[in-house]
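Lettering of chains follows the sequences in order, A, B, ..., and the numbering in each one begins at 1. These numbers were taken from a predicted model, which means no experiment stands behind them.
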Amino acid sequence: MRSVLVLLALSACAPSLSQQSLAPPGRAARLEEVMGFWSVKYYKVEVSQGVALALTCDENGPCRNVNVVSDDPAIAETRPASLVAMQAISFTAQAPASAFVIVGKHPGTTRLHVHAKRSREIVVTVVAPPPPANEQKAATAAR
Amino acid sequence: MRYLPLLIAGGCGAVGGMHQATLVGQCSKDDAACARKAPLAPLAIGSKFFPEVSTEIAGTATPNLRLESAEPDVLAVEGGALIAKHAGTSAVLISTDDGSVVDFMHVWVAPVTQITLSRRDGERIAGAIGLAVGEDVTLVPALFNGAQRLAGTSAAVWSATSTGPIAILQDGASDRRRLRARAPGKTTITVALGDAKTTVDVEVVP
């Protein structure tokens, strides 16, 4: 029982992430929650090669001293970001948002580790961009 | 409510994905062909685009910024210019000196399928050009992919079937040319970039 409560407390405090930018037309940039039994187990991001995605980090208010590390920067890179927006930390108080950017570099899958007070994992899948329209027509004709 | 400043910032120009910076072409306000007049179009493969970047963040002037391409094989950043290399899209990251991303813009690159010519005021050349000896006309190539006009300054190749009637002069821009009527006669000007080309007939009268 005690371990369940500890697990609950830990999962409740782990950073939550929110998507702050949109994918360009025909490309992917999407954040999804993967739910565990009680709460978010980890996050999944699908992003196209060459596309950037801005996320904010919240941990009972904006994450402080957030650091995001990629297992394979050749697949997905991360950068700290300056998003000049206020985020609620209580009913009456606000604090500057904590943001970072994910950049799809090469098709493949890797993991990002978001370190704030607690840690959070993101599984990032970088997808190849679709071929140009004339190549698609040629492929259809060849079938 | 917290998104109100973002909505206000997003109301003009080619605003980035985080709604904090804008990216327009470097050009004078009276330049009709300039990309400043419209949101940033796809860049033509083989062309360069010289961006002017600024931020709209409450309480601060634009900080020192640098540009970086997410996909250098599609779009490279060299000396502050965007170089279109292959068809596709790439995020251009707008960062401060310490590498913190202030905003990003997804820029598209497309092949040129058609070239048209226009005068410097933007009027399209739809037929032959007649000039008197001593007159000149400045022509600007416009690059298209289907019906979509492409952005970027190209290094298009200009040639004439006969160089006697006119001289093709540089005009301070890599793509623009000034045609100077030198002697009576007829010639055909060809402007080519990659596989795309266009021609215009020029007649010079005394």
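- Applying the side chain to side chain donor-acceptor pair (under 3.5 Å) test to B:Thr161 and every residue at least two apart in sequence or in another chain returns B:Thr187.
- Heavy atoms of other residues, nucleotides or ligands lying less than 6.0 angstrom from NZ of A:Lys105 number more than 12.
- Crowding of A:His113 atom NE2: a count of heavy atoms from other residues, nucleotides or ligands under 6.0 Å exceeding 12.
- Comparing B:Ile57, B:Thr89, B:Thr60 by how many heavy-atom pairs each has under 4.5 Å with chain A, the most go to B:Thr89.
- The backbone N or O of A:Ala52 lies less than 3.5 Å from a partner atom in the side chain of B:His106, making a donor-acceptor pair.
- Applying the 6.0 Å contact sphere to CG of A:Asn65 captures no more than 12 heavy atoms from other residues, nucleotides or ligands.
- For the set A:Pro80, A:Ser21, A:Ala99, A:Pro129, the count of heavy-atom pairs under 4.5 angstrom toward chain B peaks at A:Pro80.
- For the residue pair B:Met18 and A:Ala54, the shortest heavy atom distance occurs at CG-CB, 3.8 Å.
- Taking each heavy atom of B:Ser100 and A:Ala81 in turn, the nearest pair found is OG-C, 3.5 Å.
- Looking at every heavy atom in both residues, A:Gln49 comes nearest to B:Glu71 through NE2-OE2, 2.9 Å.
- Between B:Ala70 and A:Val103, the shortest heavy-atom contact is CB-CG1, 3.4 Å.
- If you measure heavy-atom distances from A:Val101 to chain B, the contacts under 4.5 Å come from the side chain alone.
- For chain A, the nearby part of B:Leu93 is the side chain; its heavy atoms alone come within less than 4.5 Å.
- More than 12 heavy-atom neighbours from other residues, nucleotides or ligands sit within 6.0 angstrom of CZ on B:Arg182.
- The CZ atom of A:Arg79 sits 4.0 Å away from atom CD of B:Glu68, with the distance rounded to the nearest 0.5 Å.
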